[in-house]
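To start, the structure itself, in structure tokens.
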Amino acid sequence: MEKSYQPEQIEQRLYAWWEENGWFAPRGDGDPYCIVIPPPNVTGVLHMGHAFQDTIMDALTRYQRMQGSRTLWQPGTDHAGIATQMVVERLLGAEGTSRRELGREAFVERVWQWKEASGGRIGEQLRRLGASVDWSRDRFTMDKGLSDAVKEVFVRLYDEGLIYRGKRLVNWDPVLHTALSDLEVLSADEDAHLWHFRYPLASGDGHVTVATTRPETMLGDTAVAVHPDDERYADLVGQDVVLPIVGRRIPIIADDYVESEFGSGCVKITPGHDFNDYEIGERHGLPVINILTDDAALNDEVPEAYRGLDRFDAREKIIAEFDSLGLLEKTEPYVRKTPRSDRSGAIVEPYLTDQWYVRIEPLAKPAIEAVEDGRIRFVPENWSKTYFEWMYNIQDWCISRQLWWGHRIPAWYDADGKVYVGRSEAEVRERHAFGDAVELRQDEDVLDTWFSSALWPFSTLGWPDRTRSLREFYPGAVLVTGFDIIFFWVARMIMMGLKFMGDVPFREVYIHGLIRDQDGQKMSKSKGNVLDPLDLIDGVNLDTLLEKRTTGLMQDHLKPAIEKATRAQFPDGIQAYGCDALRFTFAALATTGRDIRFDLGRIEGYRNFCNKLWNAARYVLMNTESIGEGTGEPSAADLWIRARLDLTIEAVHRHIGQYRLDLAAQALYEFTWHEFCDWYLELSKPVLRDDAATAAEQLGTRRTLVEVLESLLRLLHPLMPFITEEIWQQVAPRAGVEGETIMLQPFPQVAAGADYGTAEADIEWVKAFILGVRQIRGEMDIPPGKALPVIMQHATDADEDRAARFAMLLEQVGRVASIATLEADAEPPASATALMGELRLLVPMAGLIDVAAERVRLGKQRDKVAADLAKADAKLGNEKFVNNAPPEVVTQERARKAEFERNLAQLDEQLAKLAELD
RNA sequence: GGGCGAUUAGCUCAGGGGUAGAGCGCCACGUUGACAUCGUGGAGGUCGGUGGUUCGAAACCACCAUCGCCCACCA
């Protein structure tokens with residue numbers, strides 16, 4: 001083995017070997033366990049969030065596989081309609097052409113080419129992360145089978161009346177020229193203005209004032225509204241105003257929606273371009289006038305001077321015209337929630353179009369119940385609140401998109417515009433007995449990407465065919481995802497799963513936090529703070545990192561700041577930490593909170609942890625080359641480490657069962673480093689080196705070394721698959737374990753009925769003894785190599801017995817030169833002191849120890865003990881405590897008090913002796 | 001406006017009605033035959049504030065402050 005751990009030399013080799021052997025596929029006859037991957041965008045790149053999520057899923061998958069489950073981690077990618085179309089359109093733009101120039105067919109062909117060219121990247125990245133997905137089942141949302149599933153669902157929902165087509169206001173993206181669902185619109189506060197316009201009364205007698213943030217929409221106004229109880233306007237209701245510029249007479253109506261307190265208490269109503277106004281219009285039978293084109297320019301419904309103007313140019317012109325007419329009362333600065341398209345960033349327009357909708361309430365109801373009655377459990381539990389909140393107020397889902405890349409809506413129109421829905425044109429013709437003479441034209445639109453994603457848990461398993469996979473792996477065990485797509489995806493999968501499979505798609509939903517940068521900022525290209533998980537695995541030099549962060553930026557002016565920040569944070573680029581270190585870091589960070597700050601310091605620590613494990617294995621292998629047959633005669637240390645291993649195994653099972661990978665990682669780290677390496681390996685050295693140890697004793701220790709390590713590797717494997725496999729290949733034969741790969745070995749279980757006797761207490765005593773001596777040594781600045789004589793005073797028979805039995809350990813691990821016993825009443829030489837209960841360890845000072853330093857050291861200890869004693873005294877002096885606290889707590893407190901008193905007396909005695917030396 | 005979350009060591013974070021923890025960083029000593037990507041020892045916190053419940057609160061409750069997120073139709 002190399003002297004230090006070199007991840008780059010093992011990871012890719014091992015992954016290829018696992019994959020070639022088909023070990024990721026479901027196997028055996030255990031209980032099925034299935035996780036479907038949240039499909040990343042096929043043309044995208046995995047980011048830190050993916051890597052984090054994939055680490056969690058892979059850890060769960062590997063754990064279950066080792067537990068003997070018939071395990072499937074289902075991989076795949078998403079066609080990601082808008083996102084992918086935009087990417088390809090940008091490419092075309094760079095080539096000097098465009099989507100429209102190419103035409104639909106050629107464009108879609110071009111996107112497929114792009115998908116083929118770039119789609120392999122996700123797979124390669126997943127492989128580098130060690131993801132044990134079953135590649136033989138890789139799926140893409142636009143595969144034939146998944147497309148069939150989409151059509152099937154569409155047709156069935158339509159036939160049931162749960163999908164309908166309607167002309168309504170939708171969120172319109174005037175840049176992308178498509179409708180958006182509510183979820184794809186993000187509103188944020190932006191500085192704006194509130195313009196107060198006067199609308200003259202038709203009676204010629206005065207005016208009303210309306211306030212608006214959208215002056216241009218006044219061209220489509222069809223009423224003015226006031227609150228029914230607003231006395232100021234009571235006598236105006238029913239009268240008309242004359243809409244300036246347009247000249248249209250529109251009524252003044254009364255509606256509860258109006259807030260009398262706001263502005264003048266008088267609202268212009270534009271049913272064609274505002275969601276609230278649309279509803280008011282419906283209540284009052286107002287005409288709906290659409291004044292915009294697809295580009296959000298003004299159309300022919302407006303006075304000639306305004307036709308063809310962009311909405312924002314029109315706004316300026318309207319304001320100017322009102323001003324010149326003397327009808328602009330005032331202009332106020334105002335903060336407005338501005339709705340923008342998630343994808344294009346354009347301000348979204350409410351726009352009247354024909355779209356397809358899913359009638360969602362009938363689907364939502366069972367989906368709410370499934371979480372209410374516990375058939376689906378959110379982890380952490382409180383995310384169910386977020387889910388309910390949305391589901392109770394859910395709106396019909398607009399599923400049509402005016403894009404070219406996606407699942408084309410399976411609907412056809414005849415010459416009269418009558419719509420027919422079917423799985424194919426042939427099916428439509430057959431269903432309706434259309435002859436060849438009947439012309440049918442397919443709907444131009446495609447479906448929202450999330451429509452196909454909603455079917456993912458069953459479409460990937462072969463639905464609508466009733467496949468074996470579907471029977472075996474539906475429902476899945478757990479969905480692992482971020483809270484940002486609970487509405488987009490999780491809720492919709494639950495609805496569709498219940499509707500079409502008659503059962504929930506998964507039993508649990510594990511919601512993890514979002515990975516942020518070291519300052520808590522969201523990672524994004526434009527902030528220039530993105531980390532590529534592969535750069536953490538392979539390392540990256542500064543120039544390459546700068547290049548990656550500054551090319552392809554949407555806004556070039558951000559470049560200098562990004563470059564500066566990157567140089568400051570990574571003056572030497574990023575080191576290669578290896579996949580296992582990255583995975584362990586993710587696991588350790590997988591806490592229950594919302595946000596996770598990715599701290600580079602931690603990955604370095606876990607890289608060191610890998611190295612620690614590597615070197616512990618080297619030590620074990622060095623000492624087990626000639627291991628013989630049999631179990632030998634285990635020492636107290638051997639039994640102790642096995643007992644500690646059992647506790648660790650139990651903890652890891654418990655934590656993984658509760659999705660607490662952070663706690664599992666912590667338990668594993670603690671055991672590996674601080675118990676196995678710090679103590680057990682050290683305690684094994686005297687046995688293996690000492691010629692006085694019998695062959696049976698040495699064998700017992702060698703066996704324990706190799707067996708505990710072998711178990712530990714299996715225990716670590718779900719989190720660190722590569723290094724554990726690499727080491728295991730060498731360790732397993734020596735541990736007498738057969739098997740081709742660690743990934744198919746059983747996960748460790750607690751040794752049933754193990755009896756470790758007094759080994760644990762013995763070794764804890766040994767540790768306390770050594771720690772006492774080390775403390776003196778450390779604080780007196782005595783070199784670690786210097787062996788010290790130790791005198792025991794107030795030793796019980798048990799102490800003397802242990803000192804004799806473990807003399808070798810104390811001498812070699814504790815660097816103790818000699819152990820002598822002193823009678824209780826004898827006068828010891830001037831010494832430094834360590835306390836172990838009654839037992840007093842004395843290290844004679846002659847030539848070694850500075851009296852003043854020892855006095856300071858004991859003084860600090862004394863202060864601490866005195867403070868503890870005072871607290872214990874106060875507690876026990878409190879009658880209420882003694883009477884009300886549980887008896888065992890009181891007993892414990894009394895014991896503590898006694899201990900403190902004893903220690904205090906001893907320390908005082910020692911301090912007095914030191915005083916005599918002055 | 002409604003909802004959720006966070007506040008613990010210099011930093012990143014666990015924990016949890018009775019003794020305050022880890023990693024990193026820091027200080028000191030040290031290359032002993034697994035490991036300097038290391039070893040040993042140490043320093044460092046009145047657990048955001050105020051009140052309440054309790055024999056006992058950092059933990060439970062209420063309110064407050066600060067920060068963050070999600071949802072929502074005051075133009």
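The model shown is predicted, which means the values in this text are computed figures rather than measured ones. Here is the naming used below: chain letters follow the sequence lines, and residue numbers restart at 1 for every chain. Computation of the quantities below employed the complete heavy-atom set of this structure, encompassing side-chain atoms and omitting hydrogens, waters and symmetry-equivalent molecules.
A donor and an acceptor atom sit less than 3.5 Å apart, one in the side chain of A/Glu682 and one in the base of B/A34. Applying the 3.5 Å distance criterion, the base of B/C4 shares no donor-acceptor pair with the side chain of A/Lys385.
Side-chain atoms of A/Phe586 and A/Leu661, non-hydrogen and from C-beta on, never get closer than 4.5 Å to each other. Contact check for A/Leu613 versus A/Leu712: side-chain heavy atoms found under the 4.5 Å cut-off. Counting only heavy atoms from C-beta outward, the side chains of A/Val708 and A/Phe676 approach each other to under 4.5 Å.
Counting any heavy atom pair closer than 4.0 Å across all strands shown, A/Thr386 reaches no nucleic acid atom. When heavy atoms are screened at a 4.0 angstrom cut-off, A/Ile269 is found touching no nucleic acid atom at all. Residue A/Val210 is out of contact with every strand shown, counting any heavy-atom pair closer than 4.0 Å. Among the heavy atoms of the strands lying under 4.0 Å from A/Phe487 are primed sugar atoms or P, OP1, OP2 only; no base atom is included. Residue contacts shown for A/Cys610 are absent, as no nucleic acid heavy atom lies under 4.0 Å away. If you check every strand for non-hydrogen atoms under 4.0 Å, A/Lys685 touches a base. Using a 4.0 Å heavy-atom cutoff across all strands shown, A/Phe262 reaches at least one base atom of the nucleic acid. Here A/Arg607 lies in heavy-atom contact (under 4.0 Å) with a base. No engagement by A/Gly578 is indicated, since no non-hydrogen atom pair under 4.0 Å with the nucleic acid exists. Residue contacts shown for A/Gln6 are absent, as no nucleic acid heavy atom lies under 4.0 Å away. Within 4.0 Å (heavy atoms only), A/Arg660 reaches sugar-phosphate atoms of the nucleic acid but no base atom. Across all strands shown, A/Asn883 has no heavy atoms under 4.0 Å from either base or sugar-phosphate atoms.
Listed candidates were B/C35, B/A75, B/A14. Nearest to the side chain of A/Leu663 is B/A14. Closest to the side chain of A/Tyr257, from the set B/C29, B/A75, B/A34, is B/A75. Taking every side-chain heavy atom of A/Lys337 into account, B/A72 is the closest of B/A34, B/A72, B/C13. In this structure, the nucleotide among B/U37, B/A34, B/G18 sitting nearest to the side chain of A/Asn611 is B/U37. Taking every side-chain heavy atom of A/Pro886 into account, B/G18 is the closest of B/A34, B/C35, B/G18. Distances from the side chain of A/Asn382 to the nucleotides B/G5, B/A34, B/C35 place B/G5 closest.
Looking only at distances, no side-chain donor or acceptor of A/Asp519 sits under 3.5 Å from a matching main-chain atom of A/Gln521. No donor-acceptor distance shorter than 3.5 angstrom exists from the side chain of A/Asp256 to the backbone of A/Pro228, with no hydrogens or angles considered. Not a single donor-acceptor pair under 3.5 Å links the side chain of A/Arg336 to the backbone N or O of A/Leu194. Between the side chain of A/Thr270 and the backbone N or O of A/Gly272 there is no donor-acceptor pair closer than 3.5 Å. Proximity of a side-chain donor or acceptor of A/Arg777 to a complementary backbone N or O of A/Arg815 within less than 3.5 Å is detected. In this structure a side-chain-to-backbone donor-acceptor pair under 3.5 Å is present from A/Arg702 to A/Asn623.
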Between protein and nucleic acid, restricted to nucleotides 40-45 of chain B and to nitrogen or oxygen atoms under 3.5 Å apart, what atom pairs and distances do you find?
residue : atom : partner  : partner atom : Å
B/G42   : OP1  : A/Gln775 : NE2          : 3.1

Pick out the pairs of N or O atoms, protein on one side and nucleotides 19-22 of chain B on the other, that lie under 3.5 Å.
residue : atom : partner  : partner atom : Å
B/U19   : O4'  : A/Arg896 : NH2          : 2.8

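Computed from coordinates, the A/Ile603 CD1 to B/C13 P distance equals 16 Å when rounded to whole Å. If you take CZ of A/Arg597 and P of B/C13, they are 5 Å apart, rounded to a whole angstrom. Distance A/Asp517 CG to B/G68 P: 14 Å, rounded to the nearest Å. Following rounding to the nearest Å, A/Arg214 (CZ) and B/C74 (P) show an atom-to-atom distance of 15 Å. The CG atom of A/Leu600 sits 16 Å away from the C1' atom of B/C13 (whole-angstrom rounding).
A/Tyr669 does not carry A/Lys612 over the face of its six-membered ring by the limits of under 6.0 Å from the centre and within 45° of the normal.
When the P atom is compared between B/U12 and B/A20, the two are found 24 Å apart, to the nearest whole Å.
Atom CD of A/Glu879 has 12 or fewer neighbouring heavy atoms from other residues, nucleotides or ligands inside a 6.0 Å radius. Residue A/Glu381 qualifies as enclosed at atom CD: its count of foreign heavy atoms under 6.0 Å is above 12.
When the nearest nucleotides of RNA chain B are assigned to A/Leu681 and A/Asn884 by heavy-atom distance, the more 5′-ward of the two goes with A/Leu681.
Taken residue by residue, residues 328-336 of chain A places heavy atoms nearer than 4.0 Å to RNA chain B at A/Tyr334.
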Dump the intermediate steps for side-chain hydrogen bond (donor to acceptor under 3.5 Å, both in side chains) on A/Tyr619 and A/Ser684, then the final yes or no.
-> CA-CA 11 Å; A/Tyr619 170 80; A/Ser684 75; 2.7 Å; yes

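No donor-acceptor contact under 3.5 angstrom links the side chains of A/Glu888 and A/Thr891, judged on distance only.
A close approach under 4.0 Å does occur between a side-chain nitrogen or oxygen of A/Thr591 and OP1 or OP2 of B/A14. Proximity of A/Lys522 to the phosphate of B/C69: no side-chain N or O atom is located under 4.0 Å from OP1 or OP2. Considering only side-chain N and O atoms, A/Asn608 lies under 4.0 angstrom from the phosphate OP1 or OP2 of B/C38.
Nucleotide B/C38 forms a Watson-Crick or G-U wobble pair with B/G30, both donor-acceptor distances falling under 3.5 Å.
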